[in-house]
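Here the structure comes first, spelled out in structure tokens, and everything after it is commentary.
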Amino acid sequence: MKKSCVFFTLLIETSPQSIPLGAACVASAVKNDPRLKDKLDVKLVWLSKEDEAYIKAEKEGTVGKLIAHKIAEGSGSSKVDFACFSVYVWNHRESEDAAKILKENSPDCVTICGGPEVTANPLGMKGFDYTISGEGEKQNSDLLYKLLSKDETSVNPENREIAREELMSWCYPGPYLDGTVNPDDFQGGALWELSRGCPFKCSYCFESKGSKKVKYFPMEKIEKELELFRQKKVRQVFVLDPTYNADKKRALEILKLIAKKTPNTFYYFEARAEFIDREMAKAFTKIPCCLQFGLQSTNEKVLKNVNRTFDRQIFTRNIGFLNDAGVIFGFDLIFGLPGDNLSGFFNSVDFALKLYPNNLETFCLSVLPGTMLFDQAKDFGLVFQEKAPYRILSTPTFGKEDLAKAQDFSNACNYFYNDGRAVPWFMALCALLKMQPSVLIKEFLSWAMKKKTDLLCKTSFDGIQKTQLDFISDLLNQKGLNQYSAAVKSIVILNGAFSKITDGEKSVVVSLDYDPDDTASPMAQDIRQFVKYARRKKCRIRIKQDFSYDFIK
């Protein structure tokens, strides 16, 4: 009779970006291991922090009990023989609680944990029988085989050795191809792993202590997974490769395969700006996609502290290739880096927004156990949370109050610029007001606080746009620029309507004060010139899916 083996992970949210891929990969390897096929009944179980059951259990303080129940339920039997947890920053405590309850209910249950949090801090795991560091596919299979073979003499219950050098064996199909995980269960989305490892050593990243060697998945496997995505009509794919374009030849080859097999699927890539050229930029236009770049900071001294380099001229030039080609892209910035300060953070924001990113993600530094930065924290004078998510509390140059200001700014930027889809008109408004981008965001933050606007509340785009227009109207009035209010309003409204069409709405009706053709033209990038030369025309139009429009009487 087969023994039950359940792989579990607690997800941070319910979305295509939160597929339990790590646990699924290890479960798939165990399922396909010829030594274990006839001995184990392998199941993958997950729970989201956004599920009603989790929210209720959190209020009642019974999350561990809920997870233990889910694992037992998922085993399909009254007994769980092996429970394997995939542990991350956001589920460390909950996983420990569940493992403890499982052992109380069934003392013979073997609990195993692995994942990024375990690799980073194996000594920090409490209540598990075994910990697995590094890549888990082979190690987990070997451990289970030894336990089933009663070869416990070769099993060290205090296994803390990080095995980052372990090369993967690609003799198994993987979790998508063998049905371990199904994109249909995640809103038709997929996380797609193309490689492991990173050639860079950013000290705040888990890879900072790993090998610089990048291990690429076989092209044969990639083609088969693309074919599966085609068959299942997967709508969006998040590519798990921090430096997708580091190998130009391979990156271009995969883009051609994507265009051939899944031309209607939207892809999200992480890329490095230093590897972008005109050919690469053009290749990204062949598929629906967007790119995200980890800019992090524009201060070279700050970046040197975390083992990163930055060439302002090359970065600007290469991002220009993307703008010229019409590729959608965004940037990440971190506040609280060693040596940085609030002023420096705002300088980085100004540089980033002047390059017209589709989004700007700004977030607080976390000093993760197991990283090089964690080891250097005392040298840099970093004070951070002792438990997950290990966020910075203060640095010698970035105090507690300034970190709070940076977080408030981050919330305002996300609301006004990202969720407000402001990129088509944001810099034109800055030019009209003669303001740096960060100053405009700070003006909005100050206004929103006075109006008691909840910038963290989930609001419809129409609600955000109304807030934007109210703020802009008040600001233009304050600056004595009322003569531009109608023009700015028309530009904001029309571009917002275009974004709705891009998001899939069949038609959008809007009212404008200027001719639609002029409002949609490059003329709108200079609002002063626009008001001088554009045709004033009060009208109501219906915009269709092909972005053409009809006048409504």
Side-chain angles (χ1 to χ4, degrees), residues 89-90 200 202-206 208 242 270 273 292-310 312 315 329-355 357-369 371-374 376-420 422 426 435-446 448-449 455-456:
V89 167
W90 61 82
F200 299 95
C202 307
S203 67
Y204 50 78
C205 177
F206 281 135
S208 60
E270 292 181 64
Q292 197 73 13
F293 296 91
L295 176 57
Q296 316 312 7
S297 173
T298 59
N299 186 314
E300 293 183 33
K301 291 183 179 179
V302 170
L303 291 173
K304 187 177 180 180
N305 286 338
V306 290
N307 291 345
R308 287 182 66 92
T309 58
F310 174 69
R312 185 178 295 261
F315 192 98
F329 64 90
F331 298 137
D332 295 332
L333 288 176
I334 301 176
F335 56 86
L337 290 168
D340 204 3
N341 55 32
L342 188 60
S343 175
F345 170 63
F346 289 145
N347 287 339
S348 296
V349 169
D350 290 335
F351 173 84
L353 290 178
K354 288 176 183 178
L355 295 177
N358 188 65
N359 64 83
L360 178 64
E361 307 296 335
T362 55
F363 49 92
C364 183
L365 173 68
S366 288
V367 183
L368 302 172
T371 64
M372 191 180 298
L373 185 59
F374 182 87
Q376 299 170 332
K378 286 186 179 180
D379 296 334
F380 284 123
L382 307 182
V383 180
F384 55 95
Q385 297 170 331
E386 292 183 2
K387 295 183 179 181
Y390 312 108
R391 288 198 184 100
I392 277 286
L393 299 175
S394 70
T395 80
T397 56
F398 222 130
K400 183 178 178 180
E401 290 185 2
D402 282 349
L403 285 169
K405 289 177 182 178
Q407 186 59 63
D408 288 341
F409 179 91
S410 177
N411 297 337
C413 183
N414 185 61
Y415 185 100
F416 189 87
Y417 189 86
N418 297 341
D419 293 345
F426 182 82
M435 284 183 178
Q436 290 287 348
S438 64
V439 175
L440 179 55
I441 297 292
K442 282 185 276 188
E443 287 281 351
F444 170 69
L445 174 60
S446 177
M449 291 175 71
L455 300 178
L456 296 177

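What you are looking at is a predicted structure, and each value in this text was computed from that prediction instead of being measured.
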Give the intermediate values and the outcome of side-chain contact (heavy atoms from CB on, under 4.5 Å) for residues D340 and T395. CA-CA 9 Å; D340 204 3; T395 80; over 6 Å; no
Under the side-chain contact (heavy atoms from CB on, under 4.5 Å) rule, what do L393 and K400 come out as? Steps first, then yes or no, please. CA-CA 6 Å; L393 299 175; K400 183 178 178 180; over 6 Å; no
Check against side-chain contact (heavy atoms from CB on, under 4.5 Å), N299 and N347: CA-CA 9 Å; N299 186 314; N347 287 339; over 6 Å; no
Step by step, would you call V349 with L360 a side-chain contact (heavy atoms from CB on, under 4.5 Å)? CA-CA 8 Å; V349 169; L360 178 64; 4.1 Å; yes
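Looking only at side-chain heavy atoms (C-beta outward), L365 and F384 stay at 4.5 Å or farther from each other. The closest side-chain heavy-atom distance from F444 to Y415 is below 4.5 Å. Side-chain contact between P338 and L382 is present, with heavy atoms from C-beta onward closer than 4.5 Å. In this structure, D350 and P437 have side chains that are in contact, with non-hydrogen atoms separated by less than 4.5 Å.
A distance of 7.5 Å separates CG in N414 from OG1 in T362, rounded to the nearest 0.5 Å. Atom CG in L303 sits 8.0 Å away from atom CD in Q296 (nearest 0.5 Å). For the atom pair OG (S438) and CD (E443), the distance works out to 10.5 Å, reported to the nearest 0.5 Å. For the atom pair T298 OG1 and F331 CZ, the distance stands at 11.0 Å (nearest 0.5 Å). Atom-to-atom distance recorded for N411:CG and I441:CD1 is 11.5 Å, nearest 0.5 angstrom. Here the CG atom belonging to L455 is positioned 9.0 Å from the CE atom belonging to M449, to the nearest 0.5 angstrom.
The closest donor-acceptor contact from the side chain of N341 to the backbone of T397 lies at 3.5 Å or more, if one exists at all. In this structure, the side chain of T371 does not engage the main chain of C205 through any donor-acceptor pair within 3.5 Å. A donor-acceptor distance shorter than 3.5 angstrom exists from the side chain of Q385 to the backbone of R391, with no hydrogens or angles considered. At least one donor-acceptor pair closer than 3.5 Å links the side chain of S366 to the backbone N or O of P389.
If you check the side chains of Q376 and N305, you find no donor sitting under 3.5 Å from an acceptor.
Smallest separation of non-hydrogen atoms from G336 and I392: O-CG1, 4.0 Å. Smallest separation of non-hydrogen atoms from P357 and A352: CD-O, 3.1 Å. Closest heavy-atom contact between M372 and N307: SD-ND2, 3.3 Å.
In this pair, F293 and F329 present their aromatic rings perpendicular. The plane angle is above 60°, beyond the 30 to 60° band. Note on ring orientation: taking the six-membered ring where Trp is involved, the planes of F398 and F335 are tilted (angle from 30° to 60°).
Residues F409 and F346 place their aromatic rings such that the two centres sit under 6.0 Å apart.
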